[in-house]
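Here the structure comes first, spelled out in structure tokens, and everything after it is commentary.
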Amino acid sequence: MERKDVETKYTWDLTPIFPSDEAWEAEFKAFEKDFENSGISSYQGTLGDKQKLLDFFALRDALSRRLEKLYLYASMRHDEDIRVSKYTSYTAMMSSLVSRLMAEMAFVEPELTSLDDSVLKAYIDDPAFSAYDYTLDQIRRSKEHVLGEGEEKLLALASDVMGGFQGVFSMLDNANLNLPKGEFNGEEVQMSHGLYGLVLHSGKREEREKWFKAYYAAYIRLIDAITQTYYGNVKKNIFYKTARKYDTCMAMAMAGEDVSPAVYNNLIESVHAAFPAMHRYISLRRELLGLEEQHMYDIYVPLVSDADIKLPFEEAYELVIKGLAPLGKDYQALLRRGKDERWIDVYETEGKRSGAYSTGVYDTHPYVLLNYQQTTNEIFTIAHEMGHSIHTYKSTEAQPYTKSEYTIFLAEIASTVNEVLLLKYLYSTTEDKQLKKYLLNYYMDMIRTTLFRQTQFAEFEQIAHAKAESGEPLTKENLCEVYYGLNKQYYGEGIVHDEEISYEWARIPHFYRSFYVYKYATGIISAISIVKRILSEGEPAVKDYFSFLSGGNCTDPVSILKRAGVDLTTRAPFETAMKEFGDTLDEFEKLVR
């Protein structure tokens with residue numbers, strides 16, 4: 001379907017950002033001129049003066065807000081049809097402009113950290129800096145890790161080269177992987193990452209096995225190059241943690257988001273304690289699939305078929321609104337407003353970016369990109385992305401610009417709260433036993449893939465970095481040995497641990513954003529606790545949850561999450577999530593026995 005064939009009400013309305021491409025181009029030129037004449041770099045050496053610092057912040061914020069609107073419009077136009085060269089050019093122009101602005105402001109953090117502690121504390125306590133107090137406190141606490149101006153410039157110059165490992169992996173993973181052709185549904189097709197996932201979910205067993213072996217064979221052919229690329233990325237992290245005087249790479253990564261390493265350790269310890277339930281689920285899968293031997297290529301096959309909820313978008317959206325009723329009428333009104341005001345680009349069209357996302361900046365309402373199909377999973381996608389959007393809306397509404405953007409650590413919580421609430425609504429309102437089984441299976445697989453699997457990834461990263469930090473070189477042999485050992489721990493004896501799975505670490509792009517994946521696991525853990533409290537306590541819990549949604553980045557993310565009644569520095573939310581998995585498994589077993 002071409003974009004011109006889609007009804008206007010199913011496309012997003014970008015006119016609140018810019019009324020036309022011509023208006024965008026005019027603002028781009030105006031911004032370039034204003035930026036060049038702003039004199040922002042002239043503030044270097046003056047930030048110890050209160051008024052100068054306030055003036056600098058005001059100028060920086062004004063420029064940043066204009067820049068964000070320009071970037072948002074360019075990227076969304078590009079995503080409507082990635083084939084349009086004009087919008088590809090727009091995004092390239094914006095990338096260059098962002099780099100220039102960042103370079104002009106590279107002096108700020110080194111200069112602020114060089115100020116006497118008493119000066120920074122005075123700024124933090126001064127009501128005039130209320131919009132910046134948390135940022136300044138972070139800078140004050142990071143003083144020991146920020147180097148001198150000359151050293152910081154060297155690190156900044158090196159960042160382009162040091163950050164190249166992700167690009168190298170991307171090239172290996174896409175351009176050089178040379179996946180073969182394979183048979184799917186009786187036809188020979190070219191293997192791809194997307195089709196591989198589809199085959200493992202819905203292909204015949206002989207197809208799944210052949211694709212699994214052929215897919216990993218492609219990585220094994222490149223394993224030496226991938227190993228060196230990953231090891232290079234780990235050594236880069238070690239270089240930076242040493243230069244910035246952190247004890248470990250993990251400590252450096254956690255400090256970047258102001259999160260205690262206790263959260264990471266709680267996650268791994270709690271998941272280990274829940275291995276018996278995970279192993280029971282894996283064994284049950286083997287039984288229900290009727291397999292004498294269950295292999296790793298069988299793990300994504302749904303246990304319940306023919307229970308898909310197929311609804312047109314309008315009905316699916318209304319179902320989401322009903323499912324999120326526990327969050328109150330104001331929340332439901334925001335959901336309706338999002339549809340009525342065309343925040344959402346609904347249908348798949350030629351050239352449109354795949355997948356789904358929520359985006360937005362301070363001076364616009366949020367936007368959502370979908371590629372809606374009539375499946376249960378797509379209904380959950382609506383709930384998920386609107387969770388992101390309303391989180392963004394509430395934070396922007398409540399916080400000043402400088403505190404409005406919540407961190408990645410908190411980003412997946414509101415979206416998952418919506419999914420869990422919708423699932424529980426669907427389960428409680430149907431008498432269809434097949435659908436009930438489907439929903440329970442969906443929930444268990446959500447927890448398995450988002451909580452257990454991402455924690456397995458997180459533990460692998462922790463072990464790999466610890467080895468390298470202790471001086472042990474990373475090789476394909478010891479990396480595969482670590483990953484294979486973890487796979488056995490996480491999946492247990494109810495499955496054959498195929499040799500190929502020891503290479504799974506080599507295909508995970510998130511490993512090049514080190515110590516990132518654990519946030520997916522803590523996100524679903526937090527969401528499960530929040531939903532349980534909302535459904536049991538009602539209005540007081542909803543009020544606390546809205547306080548969390550409105551928190552933005554006003555303080556450290558663990559403290560913001562505590563507003564919703566979740567303290568990740570304790571074991572309680574982790575244990576709640578693990579119990580939820582066990583209880584869901586018990587309920588599922590009752591229905592299938």
Side-chain angles (χ1 to χ4, degrees), residues 82 163-236 293-301 353-355 448-449 453-454 456-461 463-464 473-488 490-491 495-514 516-517 520:
I82 62 175
F165 297 104
Q166 188 171 17
V168 174
F169 173 76
S170 180
M171 189 64 69
L172 291 168
D173 194 37
N174 293 288
N176 301 122
L177 195 58
N178 295 321
L179 290 168
K181 291 185 176 181
E183 189 172 307
F184 181 42
N185 289 337
E187 295 183 16
E188 188 176 60
V189 295
Q190 176 60 52
M191 285 188 182
S192 67
H193 295 307
L195 270 180
Y196 174 72
L198 182 61
V199 171
L200 259 61
H201 276 87
S202 59
K204 298 174 184 175
R205 193 159 194 247
E206 57 270 24
E207 291 174 340
R208 298 199 303 269
E209 180 180 4
K210 288 178 181 177
W211 278 62
F212 178 82
K213 292 182 180 300
Y215 190 73
Y216 277 101
Y219 284 97
I220 293 169
R221 285 193 294 271
L222 294 174
I223 195 62
D224 293 308
I226 293 175
T227 299
Q228 287 307 306
T229 303
Y230 179 67
Y231 188 22
N233 192 66
V234 172
K235 286 192 286 188
K236 171 205 73 178
E293 282 190 344
Q294 179 176 216
H295 288 260
M296 293 305 300
Y297 48 79
D298 298 315
I299 202 68
Y300 295 100
V301 178
R353 172 179 161 158
S354 62
R448 179 181 65 80
T449 56
R453 188 165 187 259
Q454 298 299 330
Q456 180 182 348
F457 290 169
E459 189 169 2
F460 171 81
E461 284 192 277
I463 293 170
L474 299 183
T475 65
K476 61 185 177 185
E477 289 84 6
N478 62 16
L479 289 170
C480 286
E481 181 183 3
V482 168
Y483 195 87
Y484 195 64
L486 288 172
N487 206 75
K488 285 186 170 182
Y490 276 72
Y491 288 88
I495 197 165
V496 175
H497 297 273
D498 304 274
E499 182 183 350
E500 288 87 354
I501 205 65
S502 66
Y503 294 90
E504 187 173 36
W505 66 269
R507 73 176 187 88
I508 308 301
H510 278 93
F511 286 163
Y512 296 86
R513 297 182 67 181
S514 305
Y516 179 91
V517 293
Y520 291 114

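Given the structure is predicted, the values throughout are model-derived calculations rather than measurements. Numbering starts at 1 and runs along the sequence shown.
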> Quick check: does any side chain N or O of E500 sit under 3.5 Å from a backbone N or O of I220, one acting as donor and the other as acceptor?
Replying inline: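 Not at all, since once roles are kept as given, no pair shorter than 3.5 Å links the two residues.
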> Does P473 offer a backbone N or O that forms a donor-acceptor pair with the side chain of N478 under 3.5 Å?
Replying inline: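 Judged by distance alone, yes, a pair lies under 3.5 Å.
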Please find the pair of heavy atoms, one from [X] and one from [Y], that lie closest to each other, and give the distance.
{"X": "Q294", "Y": "I299", "result": "OE1-CD1, 4.3 Å"}
{"X": "S192", "Y": "L179", "result": "CA-CD1, 3.9 Å"}
{"X": "L177", "Y": "A218", "result": "O-CB, 3.6 Å"}
{"X": "A214", "Y": "M191", "result": "CB-CE, 3.6 Å"}
{"X": "D498", "Y": "M296", "result": "OD2-N, 2.9 Å"}
{"X": "V517", "Y": "A458", "result": "CG2-N, 3.7 Å"}

>> Applying side-chain contact (heavy atoms from CB on, under 4.5 Å) to T227 and L474, what does each step give before you reach the verdict?
In response: CA-CA 8 Å; T227 299; L474 299 183; 5.5 Å; no
Measuring from atom [atom1] of [X] to atom [atom2] of [Y], what distance do you get when rounded to the nearest 0.5 angstrom?
{"X": "N487", "Y": "S502", "atom1": "CG", "atom2": "OG", "answer": "9.0 Å"}
{"X": "K213", "Y": "Y297", "atom1": "NZ", "atom2": "OH", "answer": "6.0 Å"}
{"X": "F169", "Y": "I508", "atom1": "CZ", "atom2": "CD1", "answer": "7.5 Å"}
{"X": "I501", "Y": "L486", "atom1": "CD1", "atom2": "CG", "answer": "12.0 Å"}
{"X": "N176", "Y": "N178", "atom1": "CG", "atom2": "CG", "answer": "6.5 Å"}
{"X": "K476", "Y": "Q228", "atom1": "NZ", "atom2": "CD", "answer": "10.0 Å"}

With a 3.5 Å cut-off and sequence neighbours excluded, list the donor-acceptor pairs that the side chains of residues 193-202 form with protein atoms.
residue	atom	partner	partner atom	Å
H193	ND1	Y215	OH	2.7
H193	NE2	D173	O	2.9
H201	ND1	G197	O	2.8
S202	OG	L198	O	2.8

>> Could you walk me through whether Y503 and Y216 satisfy the ring-ring contact (aromatic ring centres under 6.0 Å, His included) test, starting with their C-alpha distance in whole Å, then the side-chain angles of each, then the deciding distance to 0.1 Å, before giving a yes or no?
In response: CA-CA 7 Å; Y503 294 90; Y216 277 101; 7.6 Å; no
> Does R448 make a cation-pi contact with Y300 (under 6.0 Å, within 45 degrees of the axis)?
Replying inline: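 Yes, a cation-pi geometry holds between R448 and Y300.
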> Regarding K488 and the six-membered ring of Y484, is the cationic atom NZ or CZ under 6.0 Å from the ring centre and inside 45° of its axis?
Replying inline: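 No, cation not above the ring by the 6.0 Å, 45° rule.
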>> Please evaluate residues Q166 and N233 with respect to the criterion side chain to side chain donor-acceptor pair (under 3.5 Å), reporting the C-alpha separation (whole Å), side-chain torsions for both, the decisive distance (0.1 Å), and the verdict.
In response: CA-CA 8 Å; Q166 188 171 17; N233 192 66; over 6 Å; no
> Would a 4.5 Å heavy-atom cut-off, applied to side chains only, mark T229 and Y512 as touching?
Replying inline: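 Heavy-atom side-chain distance check passes, below 4.5 Å.
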> Is there a side-chain contact between F457 and H510 (heavy atoms, below 4.5 Å)?
Replying inline: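 Not touching, per the 4.5 Å side-chain cut-off.
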> Hey, would you say the F460 and F511 ring centroids sit under 6.0 Å apart?
Replying inline: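 They qualify: ring centres under 6.0 Å apart.
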>> Test side-chain contact (heavy atoms from CB on, under 4.5 Å) on F184 and W211; report intermediate values, then the result.
In response: CA-CA 9 Å; F184 181 42; W211 278 62; 4.1 Å; yes
> Given E183 and E188, is the side-chain contact (heavy atoms from CB on, under 4.5 Å) satisfied, shown in steps?
Replying inline: CA-CA 4 Å; E183 189 172 307; E188 188 176 60; 5.7 Å; no
>> Angle between ring planes, W505 versus Y230, binned at 30° and 60°: parallel, tilted or perpendicular?
In response: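 Aromatic pair W505/Y230 classed tilted.
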> Considering residues at least two apart in sequence or located in another chain, which fulfil the salt bridge (charged side-chain N to carboxylate O under 4.0 Å, His left out) criterion with E504?
Replying inline: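 E504: salt bridge (charged side-chain N to carboxylate O under 4.0 Å, His left out) contacts with R453, R507.
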>> Counting only heavy atoms from other residues, nucleotides and ligands, does the tally under 6.0 Å from CD of E187 exceed 12?
In response: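 Counting other residues, nucleotides and ligands, CD of E187 stays at 12 neighbours or fewer.
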> Are H295 and F212 close enough, and set up right, to give a ring-ring contact (aromatic ring centres under 6.0 Å, His included), and what steps lead you there?
Replying inline: CA-CA 10 Å; H295 288 260; F212 178 82; 8.3 Å; no
>> The test is side-chain contact (heavy atoms from CB on, under 4.5 Å); show your working for E459 and Q456 and say whether it passes.
In response: CA-CA 5 Å; E459 189 169 2; Q456 180 182 348; 5.9 Å; no
